[in-house]
Every structure is written in structure tokens, then in C-alpha cells.
Amino acid sequence: MIATPDRTPLTREFFDRPVLEVAPDLLGRVLVRTTPDGPIELRLTEVEAYDGENDPGSHAYRGRTARNEVMYGPPGHVYVYFTYGMWHCMNLVCGPEGRASAVLLRAGEVIVGAELARKRRVSARNDKELAKGPARLTMALGVDRALDGADACAAPDSPFATLTGTPVAPDQVRSGPRTGVAGDGGIHPWRYWIGNDPTVSPYRAHTPRRRRT
DNA sequence: ACACGGATTTTCT
DNA sequence: GAAAATCCGTGTC
């Protein structure tokens, strides 16, 4: 059973902390995506931290570019990028300011608006797969680059908001190497998920792809 | 349940 | 020109 989420939006101060502190604290929180057809709400079950210019896995590793601009901006905003020629992934920017750190939203449980999410996730075999993976998550929520830079500390009826929700108990938080990250080498255990949750995506190591002929 | 390869185009080197 | 914070269908165990 899902407890009724606390409807209070997360504050700028919540995100204005080191990303390794914010990331596990996001588990169990609720996202609200308001669309013309109605709201979709997602309870976060899996996230990953990316920590600025000193993190080889981060988009900010080689400094500021047009794409990662939002990562350098104020905390509490949404960073959306396009990848593999087909997919979008979304992050929440964290403090401290100028650090270019963010949390990738990897998976969650749809608790409101599953019928809307199913229309965008035709290949999902069941509702547990609606947002089981970072690109599936953005598909389920109808998020693309139009939301890049959007405020995540807004009211629940804005296009996108993060709600306080019910934070998961600390003893349910698991952590391990990030998924599919080149050069990470499994050194940073910066992937966080809720133990035994059926909506968490499977771990995959980074696999370099064969050169096109 | 798990492994493999193709898809597709933006972004940066 | 090469790689990319992935997904999906297909094949095997």
C-alpha cells in the first residue's frame, strides 16, 4: 500500500547540499508531472549521483558546454539531456552552487496516472516496468528537453515538481556502482536504490560498443 | 533469468 | 569521426 504523500514541495535548500547527501534522501520522494491530460506521480526508487568536474562519469568532467549549462546553475532545477540518438534522461541539480553536480533519476513507481504513462510506454509488459530505467522514466512522464532548466521546487500544478513524499527508512537504502558509466570502474558506489523494490532497474556494467563499419 | 547486437542522432573531440 | 549516464527484440539456458 502507498501512503498518501506529503504534498509540500521540496525546497531550494533541500537541493542546496552536497549531491551525495541529497541522492539517497530522494528515495521515496514523489515527482509530479502535470500534463494536459492530467497528472502523473512517481515515487522514486533508484537514483545516481554525478559530482561535478572531478567526476569522470559526469557530463561536467570536461567543463562547461551548451549541453551541461543547467548543471552549473542553481540547485533544484531539472537537467534533461538526449542520448543514444533516441532517449532522454533527467537529473535534479544539487548544490553547492558552481559544483555542477546532479542526481540522475533512474527508476520509480507510478502511483498516480498509470493509464497516461501506459500510453507512452506501449512496450512495458506490466506497470512495474513503466519507469524501470532512466529513459523509460522520462517516457512515462512525458519529459524531454523542453523541460531542461525547469524549476523542480515549484507548486504541484506546475509542469514539473518534486514533492516531499515519504522518505524511505535509511536501513532500506542500498548503494553500489553506477550503471553503464564509462571510466567509473565501479569505484564510486554512487547508485542508490530501495532494497527489494520491484521497480528498480537491473545493474549493467559499461559496455563499449563496436565501431560501425 | 540472462546475454547479445542493432537502432539512431546529438554532442563533443 | 567516435562515443554516448539506453532500450528492445531475439536467442539460449
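Residue numbers start from 1 in every chain, and the chains themselves are labelled A, B, ... in the order their sequence lines are given, proteins ahead of strands. As the structure is a prediction and not an experimental result, all values here were calculated from the model.
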Quiz item: A/Ser123 has a side chain; which of C/dA5, B/dT9, C/dG9 sits nearest to it?
Solution: C/dG9

Quiz item: Between C/dT6, B/dT10, C/dC8, which one does the side chain of A/Phe82 approach most closely?
Solution: B/dT10

Heavy atoms under 4.0 Å, any strand shown: does [X] hit a base, just sugar-phosphate, or nothing?
X: A/Gly57; answer: base
X: A/Arg121; answer: sugar-phosphate
X: A/Arg204; answer: nothing

Quiz item: When you measure from the side chain of A/His77 to the backbone N and O of A/Gly149, does any donor-acceptor pair fall under 3.5 Å?
Solution: yes

Quiz item: Is the backbone of A/Pro159 close enough, under 3.5 Å, to the side chain of A/Arg33 for a donor and an acceptor to pair up by distance?
Solution: yes

Less than 4.0 angstrom between a side-chain N/O of [X] and OP1 or OP2 of [N], yes or no?
X: A/Arg64; N: B/dT11; value: no
X: A/Arg106; N: C/dT6; value: yes
X: A/Thr65; N: B/dC12; value: yes
X: A/Arg136; N: C/dC8; value: yes
X: A/Thr179; N: C/dA5; value: no

Between [X] ([atom1]) and [N] ([atom2]), how many Å, whole number?
X: A/Tyr61; N: C/dA3; atom1: OH; atom2: P; result: 17 Å
X: A/Asp144; N: B/dT9; atom1: CG; atom2: C1'; result: 15 Å
X: A/Glu48; N: C/dA4; atom1: CD; atom2: P; result: 15 Å
X: A/Asp51; N: C/dA5; atom1: CG; atom2: P; result: 16 Å
X: A/Leu104; N: C/dA4; atom1: CG; atom2: P; result: 16 Å
X: A/Tyr84; N: B/dG5; atom1: OH; atom2: P; result: 15 Å
X: A/Glu129; N: C/dC7; atom1: CD; atom2: P; result: 11 Å
X: A/Met86; N: B/dT9; atom1: CE; atom2: C1'; result: 9 Å

Practice problem: Could you go through the side-chain hydrogen bond (donor to acceptor under 3.5 Å, both in side chains) check for A/Thr8 and A/Asp6 one step at a time? | Solution: CA-CA 6 Å; A/Thr8 309; A/Asp6 181 339; 2.8 Å; yes

Quiz item: Across all strands shown, which nucleotide pairs with B/dA1 by Watson-Crick or G-U wobble geometry, both distances under 3.5 Å?
Solution: C/dT12

Practice problem: Assess whether one donor atom and one acceptor atom, taken from the side chain of A/His206 and the base of C/dA5, lie less than 3.5 Å apart. | Solution: no

Quiz item: Taking side chain as C-beta onward, heavy atoms only, is A/Val93 less than 4.5 Å from A/Tyr72?
Solution: no

Quiz item: Any side-chain heavy-atom pair from A/Thr162 and A/Phe160 closer than 4.5 angstrom?
Solution: yes

May I ask you to say whether [X] pairs ionically with [Y], meaning some side-chain N is under 4.0 Å from a carboxylate O?
X: A/Arg12; Y: A/Asp151; result: yes
X: A/Glu109; Y: A/Arg43; result: yes
X: A/Glu46; Y: A/Arg191; result: yes

Practice problem: Find which nucleotide of DNA chain B each of A/Arg145 and A/Trp87 is nearest to by heavy atoms, and output the residue with the more 5' nucleotide. | Solution: A/Trp87

Self-check item: Any residue of residues 14-33 of chain A with a heavy atom less than 4.0 Å from an atom of DNA chain B
Solution: none

